[in-house]
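Read through the structure below, which is laid out as structure tokens, and then see the notes.
The shown structure was predicted, so the numbers you read here are calculated from the model rather than taken from an experiment. First the proteins, then the strands, lettered A, B, ... as listed; each starts at 1.
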There are 2 protein chains.
Amino acid sequence: METTFPQPLAMVDTTLFTILHERLCLILARRKEPPEQGELALPGGFVHVQEDVDTEDAARRVIRAKLGFDAPYLEQLYTFSGKDRDTRGWSISVAYYALIPASLLDHSQVAETLPVEDLPKLPFDHDQIVAKAIERLRSKATYSSLPAFLLPEIFTLNDLHGIYQQTQGTRLDKASFRHKIMEQDIIEPIPGQFRTGAHRPAQLYRLTHRALTPFERKI
Amino acid sequence: METTFPQPLAMVDTTLFTILHERLCLILARRKEPPEQGELALPGGFVHVQEDVDTEDAARRVIRAKLGFDAPYLEQLYTFSGKDRDTRGWSISVAYYALIPASLLDHSQVAETLPVEDLPKLPFDHDQIVAKAIERLRSKATYSSLPAFLLPEIFTLNDLHGIYQQTQGTRLDKASFRHKIMEQDIIEPIPGQFRTGAHRPAQLYRLTHRALTPFERKI
DNA sequence: AAATGTTATTTGCAAAATACAAATAAATAG
DNA sequence: CTATTTATTTGTATTTTGCAAATAACATTT
């Protein structure tokens, strides 16, 4: 069955968050082809209907091509569309965002990673996509285990505290944070494992659930 | 410039919420054409690249065609995609949800409105879209002024209390609710206006902001 | 006109959550 | 053995929330 409607272009774009030097960063890609050849932009590409099961599958393919592995956390962000957002024609871009622990990145990847506070003007409507992604990240950081996916699988409560502060962009009381997190039951101590140093050893923790867990909340 | 990639079909689907007899309902449409001709489904249609500025514009067009007016609240929900979700081929559906005060509906529209608890099996992946829409509505009901858009422009605090309970699906303490809402500053009393009856008159209120307002919250 | 029924709104207090400040713990480095 | 450093706990003030009851203001009935 055929439709009589001319169809728009379909693509995906990805916003890849990581934390470097205590700062929230994005992993960008230098565009190999026109338009905007040579410019830094969000990693993305066309949907391949022969190859991709759905757009999330396309996003995974793009991320694998960029990083060489799958992101520990991937979620659909928003869909951007319109006649003018891409010079090639009326287009739909399904945007995804992913959280990548910095420990998984190699040198060349770090070289294309920039703090979100310090990004160049990006091509297409990528600035808008980035703004939306940061907004979503900050928002979910206030009521879910999301920021934990920026850490390696094993971390201390202080690591977690720091990453929540960096993603939320605010200071959080240590004692209250510990209390809140522990009662939410999203992490568990790894028995007998500590990070040592010239100070009291810090208990190591891991996520209790592989997936994102929202906090309970009342109105 | 042309791309070498075969493009998927692009469409929009809309989930239209309203409250009827104190119950959360959806306004459905009977499909006029194949596939699934004659079945109740979410109102939707193809993106018209000649006509629509973007997919939100397409959703507005679909809603206007269905209801005859613009929805007071419209937001992008999620994008559904894949080879098999529509028999016509690999497709992308950008789903939107809207909140419609029941007072705006006419008889024929009410006739195609069903409680969410009592929906028939819907065609395509529309059950999945509905599930996601309800989840989003319930979620935003806990931290924003969203449910207020299901009410007419003027309402009492008890109306608001009821609509929050219906969208959240939980009981909320009246005194706490009033306190919380008033301190969030999302509604304002209309001076001198009351709804009367065989009881103490109820102060009438309106939203202070035309747009959705999230509540302040700490972790 | 007074009593009654009904919903609206406020009040008061107990319980729970959060903020803030400080004390204590446990390691390493010198 | 002491100083230093970060981790973790404790204690208390403050703010939010939950719950129950009291009070308010009208229409309707007696």
Length of the line joining [X]:[atom1] and [N]:[atom2], which is rounded to integer Å:
X       : N       : atom1 : atom2 : answer
K174(B) : dA22(D) : NZ    : C1'   : 15 Å
M182(B) : dT17(D) : CE    : P     : 16 Å
H161(B) : dT10(C) : NE2   : P     : 14 Å
F194(A) : dT28(C) : CZ    : P     : 13 Å
L172(B) : dC19(D) : CG    : C1'   : 14 Å
H179(A) : dT9(D)  : NE2   : P     : 12 Å
D173(B) : dG12(C) : CG    : C1'   : 13 Å
F177(B) : dT9(C)  : CZ    : P     : 12 Å

Can you tell me which nucleotide in [options] comes closest to the side chain of [X]?
X       : options                  : value
K180(A) : dT9(C), dA26(C), dT18(C) : dT18(C)
A202(A) : dT8(D), dT7(C), dA27(C)  : dT8(D)
R178(A) : dT10(C), dC19(D), dT9(D) : dT9(D)
E183(B) : dA25(D), dT9(D), dT17(D) : dT17(D)
H199(A) : dC20(C), dT5(D), dA24(D) : dT5(D)

Problem set entry | is_close_aromatic(F177(A), Y164(A)), centroid dist under 6.0 Å |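 Yes.
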Problem set entry | Residues, nucleotides or ligands: over 12 heavy atoms within 6.0 Å of Q37(A) CD |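 Atom CD in Q37(A) is packed in, count exceeds 12.
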For this session: Could you check whether R195(A) gets within reach of a base, just the sugar-phosphate, or nothing at all, counting any heavy atom under 4.0 Å?
Result: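 Nothing, no nucleic acid heavy atom in range.
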Problem set entry | Residue whose nearest DNA chain D nucleotide is more 5′ - L157(A) or A198(A) |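 Between the two, 5'-proximity favours A198(A).
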Problem set entry | Exercise: do T167(B) and R138(B) side chains pair donor with acceptor under 3.5 Å |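 On atom types as modelled, these side chains do not qualify, holding no pair under 3.5 Å.
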Exercise. Are Y96(B) and E56(B) close enough that a side-chain donor and a side-chain acceptor fall under 3.5 Å?
Worked result: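 Result is no, nothing qualifies.
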Exercise. Would you say the base of dA19(C) and the side-chain of S176(A) have a donor-acceptor pair closer than 3.5 Å?
Worked result: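 Such a pair exists between side chain and base.
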Problem set entry | Smallest separation among heavy atoms of L104(B) and Q109(B), with atom names |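 Reported closest heavy-atom pair: O-OE1, 4.1 Å.
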